[in-house]
Number of protein chains: 2
Amino acid sequence: MKRTVPKKVSTAAHERLASWIAARGLKSTRQRDLIVDTFFSQTGHLSVDELVEKAKQRDPSIGAATVYRTMKILTDAGLASARHFEGGQTRYEGALDRHHHDHLICTSCGNIAEFENERIEELQDRVAEEHGFTVTHHKLELYGLCAACQQRQSNPNRQR
Amino acid sequence: MKRTVPKKVSTAAHERLASWIAARGLKSTRQRDLIVDTFFSQTGHLSVDELVEKAKQRDPSIGAATVYRTMKILTDAGLASARHFEGGQTRYEGALDRHHHDHLICTSCGNIAEFENERIEELQDRVAEEHGFTVTHHKLELYGLCAACQQRQSNPNRQR
DNA sequence: TTCATTTTGAAATTGATTCTCAGTCTCGAA
DNA sequence: TTCGAGACTGAGAATCAATTTCAAAATGAA
Ligand SMILES: [Mn+2]
Ligand SMILES: [Mn+2]
Ligand SMILES: [Zn+2]
Ligand SMILES: [Zn+2]
């Protein structure tokens, strides 16, 4: 049985993906569209599991392998970026029209905040330079408790 | 003729481990000693595989599981720290009398350089503060090419 | 020496991700 | 339209690092 993909949003992301696919002889498929659609309709840093979950809600026959494969394509096309925070599973976030940023991760509730700090970036470059290194990419992650979790911790009654 | 007792290096590390072990009803074993000894006789950031390798050179019957278990103990005792660089396997480095530092990793030859930058640390704290976060730990890793590998790349003949 | 407890190595298991493969689907000819 | 080479898919097998299980061995306090 054939399932129609609901509303076809033709966003910049969809277009870029289309040309990326066309440019290398790939083919566009119903599953791919559904997964990409699902991914871009979300915000934040999704784990593959979460994505599989959401995708299966729309079409239970979607396989996890296809989600993995699709996210790899999106990443190669520069439309998503893979993040490897502590915890072992890869998370993806949209990368279109976004510049580099780093993260603050709450180890209690999993909340992830983003930040940019030009000064830090400069200092990193300087450090690399002093060591004769040419930096291609870096990872800066701050782990701890978010404001809400600190609150909860000092006053457990207010929780949730 | 009397055999010499295999040199028992009584370092600060060994002592701290001994009290850590005693304090919680653990037992000291031949394998543990051998692994700990092997670990501290090396410098740098060793993968568990590398450690297993070295340990087996001294006693081929050492099991990998024991190395994993021992490194966990050393880490809990604050004598080693686990690092999770890109590439998937955990690496350990000695942690005794060392303060916090971050890393520069060459993606070509695997060389790892260390650095400390108080200014960056301060800026990180400020960022966290602005977001209401309390940071417990962080990860700052700069990936790229070390000086030697840049050289090699621009002049392949000089290689090796 | 005794013996409760801890430790060990091998093998099984886990969890995330990748690979394999046989059946399907796409899409540019013809 | 139809055709077919090649791309794609889902399920399950395979990887890989790390953990767990388990029966046998070692440790150490009494
Ligand atoms: Mn982000
Ligand atoms: Mn280090
Ligand atoms: Zn939180
Ligand atoms: Zn190098």
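Lettering of chains follows the sequences in order, A, B, ..., and the numbering in each one begins at 1.
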Taken to the nearest whole Å, CZ/B:R91 to P/D:dC16 is 16 Å
From CD of A:Q89 across to P of D:dA18 the rounded distance in Å is 17 Å
Just distance, no hydrogens or angles: give the donor-acceptor pairs under 3.5 Å from side chains in residues 128-135 of chain B, sequence neighbours left out.
| residue | atom | partner | partner atom | Å |
| --- | --- | --- | --- | --- |
| B:T134 | OG1 | A:Q150 | OE1 | 2.7 |
| B:T134 | OG1 | A:Q150 | NE2 | 3.1 |

Of A:G25 and A:A64, the one whose nearest nucleotide on DNA chain D sits closer to the 5' end is A:G25
message = With no hydrogens and no angle check, just 3.5 Å: does a side-chain donor-acceptor pair link A:Q124 and A:H138?
response = yes
Residue pair B:R24/B:I62 against DNA chain C: nearer the 5' end by closest nucleotide is B:R24
Atom CD of A:E86 and atom P of C:dG15 are separated, to the nearest Å, by 19 Å
In whole angstroms, the gap separating P of D:dA17 from CD of B:E50 amounts to 12 Å
Checklist line | Phosphate contact (C:dT17 OP1 or OP2) by A:K72 side-chain N/O below 4.0 Å | finding: no
Are B:Y68 and D:dT19 close enough that a side-chain N or O sits under 4.0 Å from OP1 or OP2? no
From CG of A:L26 across to C1' of D:dT9 the rounded distance in Å is 14 Å
Check your understanding: Are any of B:S28's side-chain N or O atoms less than 4.0 Å away from OP1 or OP2 of D:dG28?
Key -> yes
Rounded to whole Å, CE of A:M71 lies from C1' of C:dA16 at a distance of 16 Å
Residues 16-27 of chain A vs side-chain hydrogen bond (donor to acceptor under 3.5 Å, both in side chains), sequence neighbours excluded, gives none
Using atom names, set out every protein N or O paired with an N or O of nucleotides 21-26 of chain D below 3.5 Å, distance rounded to 0.1 Å.
| residue | atom | partner | partner atom | Å |
| --- | --- | --- | --- | --- |
| D:dT21 | O4 | B:R69 | NH1 | 3.3 |

(message) Under 4.0 Å between a side-chain nitrogen and a carboxylate oxygen: does that hold for B:D59 and B:R30?
(response) yes
Atom CD1 of A:I21 and atom P of C:dC25 are separated, to the nearest Å, by 18 Å
Just N and O in the side chain of B:T90: are any of them under 4.0 Å from OP1 or OP2 of D:dA18?
yes
By ring-ring contact (aromatic ring centres under 6.0 Å, His included), B:H137 pairs with (sequence neighbours left out) A:Y143
In whole angstroms, the gap separating C1' of C:dA10 from NZ of B:K56 amounts to 10 Å
Residues at least two apart in sequence or cross-chain that pass ring-ring contact (aromatic ring centres under 6.0 Å, His included) with B:F115, listed by chain then number, are none
By salt bridge (Lys or Arg N to Asp or Glu O under 4.0 Å), A:E114 pairs with (sequence neighbours left out) A:R98
- Query: Within the structure, does a side-chain N or O atom of A:R32 lie under 4.0 Å from either OP1 or OP2 of D:dA7?
  - Reply: no
